[in-house]
Amino acid sequence: MMPRLGEMYEIEIETISKPKAEYSTDEYFELDLPVAPAVMVGEEIVVEGSDVSDEKLESVICRHLGISEPKTDKKGLIKRFLKR
């Protein structure tokens, strides 16, 4: 998801991965970063401690870049659900 959105909106994606124990140290908390797993766009914490939908992340990226957010086709979602 992230690489695709990075290419689509020409933004830099940085992934930070550490052993789980490092996220609970005093040094980590002093950085004032969110609890992992987390997604941040700029200084905004999009989600902390859980997953995020593609649609929500894309909307936050668009807001951050100052462009209009993508429109979701809610009727399309219902149609896809009913087809199952």
Side-chain angles (χ1 to χ4, degrees):
M1 160 178 48
M2 301 270 238
R4 177 184 59 80
L5 291 174
E7 290 174 10
M8 184 184 301
Y9 293 103
E10 296 182 24
I11 59 171
E12 182 181 335
I13 303 289
E14 180 181 0
T15 303
I16 300 171
S17 179
K18 300 178 181 209
K20 189 175 181 178
E22 284 189 41
Y23 290 110
S24 59
T25 63
D26 290 338
E27 292 81 14
Y28 183 80
F29 287 108
E30 288 174 8
L31 297 173
D32 199 30
L33 293 172
V35 176
V39 175
M40 293 178 70
V41 175
E43 297 297 315
E44 179 181 349
I45 298 171
V46 179
V47 68
E48 182 174 13
S50 66
D51 291 332
V52 64
S53 71
D54 291 358
E55 294 82 13
K56 180 175 181 178
L57 182 56
E58 189 171 2
S59 292
V60 173
I61 289 170
C62 290
R63 268 198 322 270
H64 178 75
L65 295 174
I67 59 177
S68 60
E69 296 180 25
K71 295 179 181 177
T72 57
D73 183 12
K74 292 183 180 180
K75 290 181 182 176
L77 291 173
I78 293 171
K79 285 180 185 176
R80 279 186 265 162
F81 180 76
L82 293 175
K83 284 183 180 180
R84 292 182 180 189

Can you measure from CE (Met8) to CD1 (Ile61) and round to the nearest 0.5 angstrom? 9.0 Å
Shortest non-hydrogen contact between Gly6 and Ile13, atoms and distance: CA-CG1, 3.9 Å
My understanding is that only residues two or more places apart in sequence, or in another chain, count here; which of them pass side-chain hydrogen bond (donor to acceptor under 3.5 Å, both in side chains) with Tyr23? none
Distance from Met40 atom CE to Glu14 atom CD, nearest 0.5 Å? 10.5 Å
Compare every heavy atom of Cys62 with every heavy atom of Pro70, then report the nearest pair and how far apart it is. CD-SG, 3.6 Å
Which heavy atom of Val39 sits nearest a heavy atom of Leu57, and at what distance? CG1-CD1, 3.6 Å
Check for me, please, whether Val41 and Ile67 land in the same ILVMFWY cluster - side-chain distances under 4.5 Å, paths through other members count. yes
Separation between NZ of Lys56 and CD of Glu69, rounded to the nearest 0.5 Å: 11.5 Å
Smallest separation among heavy atoms of Val47 and Ser50, with atom names: CG2-OG, 3.1 Å
Can a donor-acceptor pair be found, under 3.5 Å and without considering hydrogens, that links the side chain of Glu48 to the backbone of Val35? yes
So with a 6.0 Å cut-off around CD of Glu44, is the heavy-atom count from everything else above 12? yes
CD1 of Ile45 to CG of Asp32, rounded to nearest 0.5 Å, is 7.0 Å
Rounded to the nearest 0.5 Å, how far does CD of Glu22 lie from OG of Ser17? 9.5 Å
When rounded to the nearest 0.5 angstrom, what is the spacing between OH in Tyr9 and CG in Leu65? 8.5 Å
